[in-house]
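First the structure, in the form of structure tokens, and then the observations on it.
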Amino acid sequence: MSDAAITGGANAPTIASDSAIPAEELDRLTDDIVVALKSVYDPEIPADIYELGLIYKVDIADDRTVAIDMTLTAPGCPVAGEMPGWVETAVAAVPGVQSCAVSMVFDPPWDQSRMSDEARVALDMW
């Protein structure tokens with residue numbers, strides 16, 4: 001489906017090298033998508049969803065559509081119905097992105113090992 005991917009976990013983007021999108025543009029898109037993801041916060045935890053490790057996969061297709069697999073800290077999260085829309089809105093606003101679709105996944109289940117050091121510090125201060 002896509003030629004470039006950003007993966008969560010260690011919060012370090014991984015980009016496939018076979019994209020038809022020029023490298024400079026792909027780098028900009030990747031950086032801007034990460035910034036957009038970092039603008040969405042879990043309302044119950046003082047950290048953004050990217051640093052929390054809730055983003056499992058981001059695929060950037062050659063036509064610049066973006067597909068995101070994400071999870072929640074718990075399946076019963078009170079904003080489960082709203083958060084995908086927040087993510088779609090934030091990423092779709094990135095210049096060059098044609099559209100964004102978010103899928104909720106719960107396998108593997110989220111755990112605190114997916115969080116970045118930045119998120120751990122925010123939680124410790126909370």
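What you are looking at is a predicted structure, and each value in this text was computed from that prediction instead of being measured.
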Which value, rounded to the nearest 0.5 Å, describes the distance between [X] atom [atom1] and [Y] atom [atom2]?
| X | Y | atom1 | atom2 | value |
| --- | --- | --- | --- | --- |
| Ile45 | Cys77 | CD1 | SG | 8.0 Å |
| Trp110 | Leu72 | CH2 | CG | 10.5 Å |
| Thr71 | Arg114 | OG1 | CZ | 8.0 Å |
| Ile55 | Asp48 | CD1 | CG | 9.0 Å |
| Ile68 | Ile49 | CD1 | CD1 | 7.5 Å |

Run Ser19 and Ile60 through side-chain contact (heavy atoms from CB on, under 4.5 Å) and show every step you take. CA-CA 9 Å; Ser19 178; Ile60 305 168; over 6 Å; no

Take Met70 and Lys57 through the test side-chain contact (heavy atoms from CB on, under 4.5 Å) and record every step on the way to the result. CA-CA 7 Å; Met70 70 170 290; Lys57 183 170 72 170; over 6 Å; no

Taking the side chain from Arg28 and the backbone from Ala23, do they hold a donor-acceptor pair closer than 3.5 Å?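 Such a contact is absent between Arg28 side chain and Ala23 backbone.
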
Is it the case that the side chain of Tyr56 and the backbone of Phe106 share a donor-acceptor pair, with hydrogens and angles ignored and the cut-off at 3.5 Å?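 It does not hold such a pair.
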
What are the two closest heavy atoms between Pro84 and Val102, and how far apart are they?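 That would be O-CG2, 3.7 Å.
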
Considering all heavy atoms, the nearest Thr73-Leu54 contact: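 The pair with the smallest heavy-atom distance is N-CD2, 3.7 Å.
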
Asp63: which residues meet the side chain to side chain donor-acceptor pair (under 3.5 Å) condition with it, sequence neighbours left out?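 Testing Asp63 for side chain to side chain donor-acceptor pair (under 3.5 Å), a comparison that skips the adjacent residues, returns Thr65.
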
Who are the side chain to side chain donor-acceptor pair (under 3.5 Å) partners of Glu25, not counting sequence neighbours?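 Glu25: side chain to side chain donor-acceptor pair (under 3.5 Å) contacts with Arg64.
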
Between side-chain atoms of residues 33-43 and protein atoms elsewhere (two or more places apart, or another chain), which donor-acceptor pairs fall under 3.5 Å?
from  : atom 1 : to    : atom 2 : distance (Å)
Lys38 : NZ     : Glu51 : OE2    : 2.5
Ser39 : OG     : Ala36 : O      : 2.6
Asp42 : OD1    : Glu44 : N      : 2.8

Counting only heavy atoms not in Gln98, do more than 12 sit closer than 6.0 Å to its CD atom?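 Above 12, so yes.
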
